**Q** 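Questions regarding the structure given below will be posed in turn.
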Amino acid sequence: MRIATWNVNSVRQRLDHLLVWLKDCAPDIVCLQEIKCVDEAFPREAIEALGYNVVTHGQKTFNGVALLSKYPLEEATPRLAGDDDDLHARFIEGVVSLKTGVVRVACLYLPNGNPPETEKYTYKLKWMSRLLEYSKERLKTEEPLILAGDFNVIPAPRDVHNPAAWVGDALFKPQTRESFQALLGLGLTDALRAVTDAPSQYTFWDYQAGAWQKNWGIRIDHLLLSPQAADRLTGVGINKHVRAWEKPSDHVPVWIDLDLAAA
DNA sequence: ATGGCATGGATACCATGA
């Protein structure tokens with residue numbers, strides 16, 4: 001089973017890329033972030049035509065997440081628990097049933113948090129704290145769980161071209177990285193780091209300053225696996241070539257393969 | 001070329017992002 005995540009930076013602007021990539025990569029489950037539209041405006045028919053079930057949690061203009069799955073999505077639930085006043089569309093989870101049991105996938109778009117001296121960073125840290133609580137609860141079930149999305153966290157210096165330039169940034173500040181490490185401390189595995197120690201495994205390149213051409217990237221799109229999922233991990237990939245397409249997203253897809261028997 | 005952006009949604013620029 002292949003599970004992928006991609007921040008598309010507007011699903012309507014990126015629909016052609018998304019359809020081509022879905023055919024090439026052939027993921028079974030996809031987590032999309034920054035769809036940047038309300039649910040009614042999501043191009044669901046074109047995606048359903050490729051054999052996917054679709055659930056969305058969108059909002060006008062900003063944010064927005066979606067789950068695509070070749071298997072029926074059960075228990076599709078938007079919003080991360082812990083703050084009823086948080087109206088940003090940044091989280092949706094779903095469950096699929098296989099012969100061997102269920103797989104739960106949480107699709108998330110973690111707040112950017114810049115500038116760090118503002119309430120935006122406070123919001124980011126609180127969101128990460130809520131994600132930690134959510135993960136604690138879900139891990140108790142001892143089922144395959146995948147947290148996939150744009151975490152807006154650079155986990156370590158090897159995950160950024162020029163660490164010195166990012167020390168004060170909300171994506172790389174010590175408190176941000178510590179909060180991410182707390183997730184791993186629960187027993188979650190960073191899938192990419194389970195298969196390689198190599199530096200420069202970037203998933204995002206800024207549109208500005210020729211960042212792509214200079215390979216000034218950062219690794220901020222992640223798939224975190226519960227022990228029951230990590231035990232089944234057989235492969236991880238970053239579809240870097242997608243960043244070279246015409247009018248691309250600034251993020252590229254990341255995928256994992258799990259050895260789970262199909263339904 | 002010595003500075004290089006993209007998106008949506010109100011326009012005839014702005015907020016947001018990372």
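The figures that follow rest on heavy atoms only: side chains count, while hydrogens, waters and symmetry mates do not. The model shown is predicted, which means the values in this text are computed figures rather than measured ones. To find a chain, count down the sequence lines: A is the first, B the second, and so on, and within it residues start at 1.
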**Q** Taking syn as a glycosidic torsion within 90° of 0 and anything else as anti, which one is B:dG4?
**A**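 Syn conformation for B:dG4.
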**Q** Please give, in whole Å, the distance from B:dA18 C1' to A:Phe151 CZ?
**A**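 So the two atoms are 17 Å apart, to the nearest Å.
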**Q** So does A:Arg104 pair up with A:Glu75, basic N to acidic O under 4.0 Å?
**A**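 Yes.
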**Q** Is A:Asp257 salt-bridged to A:Arg2, going by a charged N under 4.0 Å from an acidic O?
**A**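 Yes, A:Asp257 and A:Arg2 are salt-bridged.
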**Q** Which parts of nucleotides 3-8 of chain B does protein reach within less than 4.0 Å, heavy atoms only, written one letter per nucleotide 5' to 3' as B for base, S for sugar-phosphate only and - for none?
**A** -BBSSS
**Q** Considering Watson-Crick and G-U wobble pairs with both distances under 3.5 Å, what does B:dG4 pair with?
**A**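 Partner of B:dG4: none found under 3.5 Å.
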**Q** B:dA18 phosphate, OP1 or OP2: any side-chain N/O from A:Tyr121 under 4.0 angstrom?
**A**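 Result: no.
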**Q** Would A:Arg138 and A:Glu93 pass as an ion pair if we require N to O under 4.0 Å?
**A**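 Salt bridge flag = yes for A:Glu93 with A:Arg138.
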**Q** Does the pair A:Asp39/A:Lys60 count as a salt bridge with the N-to-O cut at 4.0 Å?
**A**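 Result for this pair is no, no salt bridge flagged.
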**Q** I'd like to know if A:Arg130 pairs up with A:Glu133 as an ion pair, taking the criterion as any Lys NZ or Arg NE/NH1/NH2 lying under 4.0 Å from an Asp or Glu carboxylate oxygen.
**A**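 Salt bridge between A:Arg130 and A:Glu133, a charged N being under 4.0 Å from a carboxylate O: no.
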**Q** Once you round it to whole Å, what is the distance between P of B:dT16 and CD of A:Gln59?
**A**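 In whole Å, B:dT16 P and A:Gln59 CD are 12 Å from each other.
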**Q** Does A:Asp190 pair with A:Arg219 as a salt bridge, N-O distance under 4.0 Å?
**A**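 A salt bridge is present here (some side-chain N lies under 4.0 Å from a carboxylate O).
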**Q** Suppose you measure atom C1' in B:dA6 against the same atom in B:dT2; what distance do you get, rounded to whole Å?
**A**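 About 23 Å, rounded to a whole number of Å.
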**Q** Work out how far the P atom of B:dT16 is from that of B:dA10, and round it to whole angstrom.
**A**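 Comparing P positions in B:dT16 and B:dA10 gives a spacing of 15 Å.
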**Q** Look at all strands and tell whether A:Asn152 reaches a base, only sugar-phosphate, or nothing, counting heavy atoms closer than 4.0 Å.
**A**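 Result for A:Asn152 = sugar-phosphate.
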**Q** Let me know the distance between NE2 of A:His251 and C1' of B:dG17, rounded to the nearest Å.
**A**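 Interatomic distance, NE2 of A:His251 to C1' of B:dG17: 8 Å.
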**Q** Rounded to whole angstrom units, what separation is found between the CG atom of A:Asn162 and the C1' atom of B:dA18?
**A**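 Going from CG in A:Asn162 over to C1' in B:dA18 covers 15 Å.
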**Q** Looking just at side-chain N and O atoms, do A:Asn162 and A:Trp216 make a donor-acceptor pair shorter than 3.5 Å?
**A**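 Judged by distance alone, the side chains do not pair up.
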**Q** Let me know the distance between NE2 of A:His88 and C1' of B:dA15, rounded to the nearest Å.
**A**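 Value for this atom pair: 12 Å.
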**Q** For A:Phe172, report the nucleic acid contact type (base, sugar-phosphate, nothing); a contact means any heavy atom under 4.0 Å.
**A**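 A:Phe172: no heavy atom of the nucleic acid under 4.0 Å.
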**Q** So what does A:Asp150 hit on the nucleic acid, given a heavy-atom distance under 4.0 Å: a base, only sugar-phosphate, or nothing?
**A**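 Answer is sugar-phosphate: A:Asp150 comes under 4.0 Å of backbone atoms only.
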**Q** Using atom C1' in both nucleotides, what's the gap between B:dT7 and B:dA18 to the nearest angstrom?
**A**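 Per the computed distance, 14 Å lies between those C1' atoms.
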**Q** Specify the separation, in whole Å, of atom CG of A:Asn112 and atom P of B:dA15.
**A**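 My rounded result for the distance is 17 Å.
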**Q** Taking only the P atom of each, what is the distance from B:dA15 to B:dT11 in whole angstrom?
**A**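 Each nucleotide's P atom is 13 Å from the other's.
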